[in-house]
Protein chains: 2
Amino acid sequence: MKSELKKTLRQKGLRCTEPRRCIVEALEKGPKTHAELLHLTGLDRVTVYRNLILLQQVGLVYRVYLPGHEPLFVLCEKEGGGFHAHFFCEKCRKGVCLPADTIQIVEPWAKQVDKVLLLGRCLHCA
Amino acid sequence: MKSELKKTLRQKGLRCTEPRRCIVEALEKGPKTHAELLHLTGLDRVTVYRNLILLQQVGLVYRVYLPGHEPLFVLCEKEGGGFHAHFFCEKCRKGVCLPADTIQIVEPWAKQVDKVLLLGRCLHCA
DNA sequence: TACGTTCATGCTGCAAAGTTACAAAAAGAC
DNA sequence: GTCTTTTTGTAACTTTGCAGCATGAACGTA
Ligand SMILES: [Mn+2]
Ligand SMILES: [Mn+2]
Ligand SMILES: [Zn+2]
Ligand SMILES: [Zn+2]
């Protein structure tokens, strides 16, 4: 798990630091707001801001904004697992990585799409 | 165009005001940040905030966040056009509404999905 | 068209969010 | 261990977003 993280970060030219491990570890328990991450990790505000941006840019984390709520940061469980979609439940606020073949996009769009975010109610919440 | 907007707003119990027309008109030329809308319309900061929230709630506008950049507000060209996906180009930062049949999701997820946001590079930017 | 009700706008001021700059600390290559 | 480069934490700062309130505009009604 941790050596996976290190490899992923190093591939992008980023160092595997204690704060980064802390943030990822906190997100492994479920989506978190910035404030929650701050409290859970005890890190500095600025460090959390900066690392969340980086983790998003390397694709380890994605951000979900629901109008009227604080943005949530969600961990992608398929680091480097190639193309796949993210489903996020607007009610229970959990995120899932869907297998690539869950979603099919017709050409010419399929080739253009890089990230997919689906919002809705999960099976349990529907 | 303007009578369409009025109808859409009135259906939701909202008034068709000059500021609202200004914001929509500005967004018709492409996605804009909050600051750009402020400058383009000359409206009060608070009025822009409040109306962007309202326009998102009625589905006329959606918001795109790219890590490390200001959020962009994008006009949905298919007011009340039923279920459809939104594609946003991360390079040229333009948004397009895709027909519903552009994307197919396998069951049981298809029934759960409510909103779809696709990110990538458009044909011109690829 | 004029009237009255109700909603929207533009203040002001405040709290929270997010950014910048820089010195100190840690990571990783050798 | 030493060296180089990235990252961190601190502090000062800017921006974003929100609440309350008086003024003004929208629109149904007549
Ligand atoms: Mn994922
Ligand atoms: Mn649309
Ligand atoms: Zn759910
Ligand atoms: Zn493009």
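Convention: sequence-line order gives letters A, B, ...; per-chain numbering from 1. Bear in mind that the values here come from a model prediction, so they are computed numbers and not experimental data.
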Pick base, sugar-phosphate or nothing for Arg45(A), based on heavy-atom distances below 4.0 Å to the nucleic acid. base
How many Å lie between CG on Leu43(B) and P on dC11(C), as a whole number? 11 Å
Mind checking what makes side chain to side chain contact (heavy atoms under 4.5 Å, CB included) contact with Lys94(B), not counting sequence neighbours? Cys92(B)
Value in whole Å for how far the C1' atom of dA26(D) lies from CZ of Arg20(B): 10 Å
Can you tell if the side chain of Arg21(B) reaches within under 4.5 Å of the side chain of Leu5(B), non-hydrogen atoms only? yes
Using a 4.5 Å cut-off on heavy atoms from C-beta on, say whether the side chain of Glu70(A) contacts that of Glu36(A). no
To the nearest Å, give me how far apart CD1 (Ile23(B)) and C1' (dG10(C)) are. 13 Å
How close or far is atom P of dT10(D) from atom CG of Leu38(A), stated in whole angstroms? 12 Å
So do the side chains of Val113(A) and Phe87(B) get within less than 4.5 Å of each other, counting heavy atoms only? yes
In chain order, what residues pass the ring-ring contact (aromatic ring centres under 6.0 Å, His included) check against Phe88(A), with sequence neighbours excluded? none
Look at Thr47(A) and dT8(D) and indicate whether a side-chain polar atom (N or O) is within less than 4.0 Å of OP1 or OP2. no
Distance flag, aromatic centroids of Tyr49(A) and His34(A), threshold under 6.0 Å: yes
Rounding to an integer number of Å, can you tell me how far His69(B) NE2 sits from dA17(C) P? 22 Å
Earlier contact from the 5' end, DNA chain C, for Gly13(B) and Tyr49(A): Gly13(B)
Measure CG/Asp44(A) against P/dT19(C) and give the value in whole Å, please. 14 Å
Nearest-nucleotide 5' precedence on DNA chain D, Pro19(A) against Ile53(B): Pro19(A)
Whole angstrom value for the distance that separates C1' of dA16(C) from CD of Glu36(A): 16 Å
Base contacts versus sugar-phosphate-only contacts with protein, heavy atoms under 4.0 Å: please encode nucleotides 21-30 of chain C as B, S and - from 5' to 3'. B----BBSS-
What I'd like to find out is whether the side chain of Glu90(B) reaches to under 4.5 Å of the side chain of Lys115(A), using heavy atoms alone. yes
To the nearest Å, how far apart are Asn51(A) CG and dG18(C) P? 15 Å
